[in-house]
Amino acid sequence: MLLVTVVVYVTAGEEQLAMSADVQPEGGVLYIVATPIGNLADLSDRARQILAQVDFVYAEDTRHTVLLCRHYGLQPVLKSLHEHNEQQRVADVLGRLRNGESLALVSDAGTPLINDPGYRIVTACHEAGFLVSPVPGPSALVAALSVCGLPTDRFTYHGFLPARASARRQCLVEMQHAQATQVFFESRHRILECLQDVVDVLGGQREVCIARELTKKFESVSKGPVLEMLKFTESSADNQKGEFVVLVAGAGPRQALLSVENQRLLLDLASELPPRKATAIVARHTDLDRKYLYEWLLEHKDS
Ligand code: SAM
């Protein structure tokens, strides 16, 4: 079944500007509202007005959302909607939309559905033909991309990497030839392990950016070869505190060519043989250009 939801702005220009100045939520619409990721001043004016005026707000953790609402003097009717009860809430949400109520969905921080609950609800609304409308705003993902200084024209977002070391390493192995910037969330409990895995799987020279505590008091954005970033993060307990987004530079054309296994083989051979001999052996077994392998080896043999 093809589902098409169309929002029509009848006229452009002044009317749209007027709309943005005085927001009136519509009945039968579910608004997906982004909230601050640290700095409470980052709630948009439209988000504030929607939260003030909708009939009902579904929140990942109502205790958390109450604090935001209190800060803005808002008193919406709140109901919890989290990963454990999302499916049960579907009938409730659809029933209210059928009654013509206006609803908002918020998560604890940032944009709902970006590694936060809401996917099942949004899908159910689409299937039932209700309009789902975004109220965009903060997201740790986009905030980190905007300051990382790595190419952002193409990126791959992985959410959280698996907690189990072997599964996490496998994810990194799958990233090793990707040329787009790779982005993932990481918890403070695993940030060191994770950076060590990046060193082991992608090599210590791969550029990474660590975006920590964005928009908060101890915000820091650090970038460099991952081995240096690991040492920097290890060097102080403070560098391991808070919330993290890790961004890994895509493989350059050279890294994209030479798999990590072959990099290891080349480095291993070069530890026993002269560089030209080691290069010749790997070239014979991989069909890679000898000159390219030789230059790669000279660049990496001490790393
Ligand atoms: N939906 C949220 C968003 O759009 O930002 C992301 C939710 S996800 C469950 C939470 C993770 O996002 C954190 O564990 C952390 O990795 C990252 N994160 C959230 N806030 C952050 C911040 N202020 N600075 C850096 N990373 C942050």
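Both ligands and their constituent atoms are indexed starting at 1 by order of listing. If you read the sequence from its start, that first residue is 1, and numbering goes on from there. Everything numeric in this text was worked out from a predicted model, so none of it was measured.
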Q) Are any of the side-chain nitrogens in D55 or R96 under 4.0 Å away from the carboxylate oxygens of its partner? A) no
Q. In terms of hydrophobic clustering (I, L, V, M, F, W, Y; side-chain heavy atoms under 4.5 Å; direct or indirect links), are L40 and V135 co-clustered?
A. yes
Q) Should the ring pair F56 and Y58 be called parallel, tilted or perpendicular, given that the plane angle runs from 0 to 90° and is split at 30 and 60? A) tilted
Q: Non-hydrogen atoms closer than 4.0 Å to ligand 1: which protein residues do they belong to? List them by chain and number, please.
A: I37, A109, G110, T111, I114, N115, D116, S139, A140, F160, F185, E186, A211, E213, L214, K216, E243, F244, V245
Q | Neighbour count >12 (heavy atoms, 6.0 Å) for atom CD, Q75 | A | no
Q.
Nearest 0.5 Å, please: how far is SG in C194 from CZ in R168?
A. 6.0 Å
(Q) For a side chain to side chain donor-acceptor pair (under 3.5 Å) check, start with the C-alpha distance between R164 and S166, then their side-chain angles and the critical distance, and finish with the verdict. (A) CA-CA 6 Å; R164 259 191 36 245; S166 58; 3.1 Å; yes
